[in-house]
Colleague: 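Before anything else, here's the structure in question.
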Amino acid sequence: MEKGFVVAIDGPAGAGKSTIAKLAAGKLGFAYIDTGAMYRAVTWKLLQSGETFSPGIASKIAREIKIVFRPENAVNRVFVDNTEVTDAIRTAAVTRLVSSVAAVPDVRTAMVRQQRRMGQEGGIVIDGRDIGTVVFPQAQCKIFLTATVEERARRRGKELEAKGEKVDYIKLQDEIAFRDKQDSEREVSPLRQAEDAVYLDTSDMSIEQVTDKILDLVREKQ
């Protein structure tokens with residue numbers, strides 16, 4: 001693979017970006033950067049602080065936080081200031097607040113700075129909401145990954161049930177639709193498809209089919 005190659009995967013909540021990006025990175029021999037986990041890490045740190053959410057508090061945390069990814073077997077472990085938060089950042093409390101935190105302009109500026117530093121050498125697969133439009137607009141391969149709200153809720157619900165949590169699927173659909181609205185309407189770096197991104201609806205596709213499709217797209221762009 002050519003040095004400097006960046007695969008940018010954008011899309012709404014619950015589209016399977018992280019799962020697919022991680023698998024694709026492994027098959028390509030690329031590093032994987034989970035930007036959603038970074039915003040979740042800031043949100044987790046804010047909740048741990050006991051402070052009430054405000055743009056100022058969130059911005060201060062984002063500027064000071066140190067986020068590190070350490071791949072281990074099939075898990076992309078996440079550390080915040082030397083504390084592992086891989087599972088802690090996936091709680092319902094973090095999920096409810098993360099869109100508000102991610103909408104703060106100074107938070108996004110701080111995270112984009114870290115993301116660009118992590119990916120400056122290329123050879124990465126990176127997923128999020130604004131990768132192809134803001135973080136790496138020069139990415140050689142851009143994909144907009146999505147699925148219906150119902151399918152995204154079904155997938156997320158299965159993940160939560162596997163962890164022993166009870167799931168209200170109607171409520172989960174409403175929460176995902178609300179996050180879509182928040183992410184698409186925020187003033188800074190809204191969720192949108194880059195003009196040169198390939199639109200990929202995965203509603204009726206398996207994980208393996210989506211991964212293979214992305215590998216084909218990367219090969220075409222080489």
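Since this is a predicted model, take the numbers as computed values, not measurements.
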Colleague: Going by the rule side-chain hydrogen bond (donor to acceptor under 3.5 Å, both in side chains), which residues pair with Lys45 if we only count those two or more places apart in sequence or in a different chain?
Modeller: Asp81

Colleague: Check the side chains of Thr86 and Arg77 for a donor-acceptor pair under 3.5 angstrom, ignoring hydrogens and angles.
Modeller: no

Colleague: Does NZ belonging to Lys213 count more than 12 external heavy atoms closer than 6.0 Å?
Modeller: no

Colleague: Is the shortest heavy-atom distance from the side chain of Val80 to the side chain of Arg40 under 4.5 Å?
Modeller: no

Colleague: Is the charged tip of Arg70 near the ring of Phe79: under 6.0 Å from the six-membered ring centre and within 45° of its axis?
Modeller: yes

Colleague: Would you name the heavy atoms of Gln182 and Ser100 that are closest together and state the gap between them?
Modeller: NE2-OG, 3.7 Å

Colleague: Can you list everything that forms a side chain to side chain contact (heavy atoms under 4.5 Å, CB included) with Leu47? Sequence neighbours excluded, please.
Modeller: Thr43, Ala93, Val94, Leu97

Colleague: Quick one: do Arg152 and Asp180 make a salt bridge, cutoff under 4.0 Å?
Modeller: yes

Colleague: If hydrophobic clusters are built from ILVMFWY residues whose side chains come within less than 4.5 Å, do Val68 and Trp44 share one?
Modeller: no

Colleague: Run the side-chain hydrogen bond (donor to acceptor under 3.5 Å, both in side chains) test against Thr19 and tell me which residues pass, sequence neighbours left out.
Modeller: none

Colleague: With sequence neighbours left out, what residues match Asp106 under side chain to side chain contact (heavy atoms under 4.5 Å, CB included)?
Modeller: Ser59, Arg63

Colleague: Whether the side chain of Thr202 engages the backbone of Met205 through a donor-acceptor N/O pair (distance < 3.5 Å, no angle test) should be reported.
Modeller: no

Colleague: Restricting to side-chain hydrogen bond (donor to acceptor under 3.5 Å, both in side chains), what partner residues turn up for Asp174, sequence neighbours left out?
Modeller: none

Colleague: Please answer: with hydrophobic residues joined when any side-chain heavy atoms are less than 4.5 Å apart, are Ile33 and Phe5 in the same cluster?
Modeller: no

Colleague: Can you give me the closest heavy-atom contact between Pro12 and Lys17, atom names plus distance?
Modeller: O-NZ, 2.9 Å

Colleague: Can Phe178 be reached from Leu160 by stepping across I, L, V, M, F, W or Y side chains whose heavy atoms are under 4.5 Å apart?
Modeller: no

Colleague: Any non-hydrogen side-chain atom of Phe144 less than 4.5 Å from a side-chain atom of Leu200?
Modeller: no

Colleague: I'd like to check Ile214 versus Thr211 (side-chain heavy atoms, cut-off strictly below 4.5 Å). Are they in contact?
Modeller: no

Colleague: Going by salt bridge (Lys or Arg N to Asp or Glu O under 4.0 Å), name the pairs with one or both residues in residues 190-202, residues two or more places apart or in two chains.
Modeller: Lys142-Asp196

Colleague: Please report the shortest heavy-atom distance between Ser184 and Pro190, naming the atom on each side.
Modeller: O-CB, 3.4 Å

Colleague: What residue among Tyr32, Phe30, Phe136 forms side-chain contact (heavy atoms from CB on, under 4.5 Å) with Ile126?
Modeller: Phe136

Colleague: If you compare all heavy atoms of Met38 against all heavy atoms of Ile67, which two are closest, and at what distance to 0.1 Å?
Modeller: O-CD1, 3.7 Å

Colleague: Is it true that Asp216 and Arg219 have a side-chain N and a carboxylate O under 4.0 angstrom from each other?
Modeller: yes

Colleague: What residues form a side chain to side chain contact (heavy atoms under 4.5 Å, CB included) with Ala31, not counting sequence neighbours?
Modeller: Ile124

Colleague: Val6 and Leu23: same hydrophobic cluster, using ILVMFWY side-chain contacts below 4.5 Å?
Modeller: no

Colleague: Is there a path of hydrophobic side-chain contacts, each under 4.5 Å between heavy atoms of I/L/V/M/F/W/Y residues, joining Ile131 to Val218?
Modeller: no

Colleague: Suppose we screen for side-chain hydrogen bond (donor to acceptor under 3.5 Å, both in side chains). Which residues come up paired with Glu185, at least two apart in sequence or across chains?
Modeller: Lys181

Colleague: Please list all pairs meeting salt bridge (Lys or Arg N to Asp or Glu O under 4.0 Å) that have one or both residues in residues 86-97, counting only residues at least two apart or in different chains.
Modeller: Asp34-Arg90

Colleague: Would Arg129 and Asp10 pass as an ion pair if we require N to O under 4.0 Å?
Modeller: no

Colleague: Under the side chain to side chain contact (heavy atoms under 4.5 Å, CB included) test, which residues partner Glu159, sequence neighbours left out?
Modeller: Arg156

Colleague: What residue pairs, at least two apart or across chains, pass salt bridge (Lys or Arg N to Asp or Glu O under 4.0 Å) with a residue in residues 53-62?
Modeller: Lys60-Glu64

Colleague: On a heavy-atom basis, which atom in Ala147 and which in Arg155 lie closest, and how many Å separate them?
Modeller: CB-NH1, 3.9 Å

Colleague: Return the minimal non-hydrogen interatomic distance between Val101 and Ala58, and the atom names on each side.
Modeller: CG1-CB, 4.4 Å

Colleague: I need the full list of salt bridge (Lys or Arg N to Asp or Glu O under 4.0 Å) pairs touching residues 47-58, with sequence neighbours left out, sorted by first then second residue.
Modeller: none

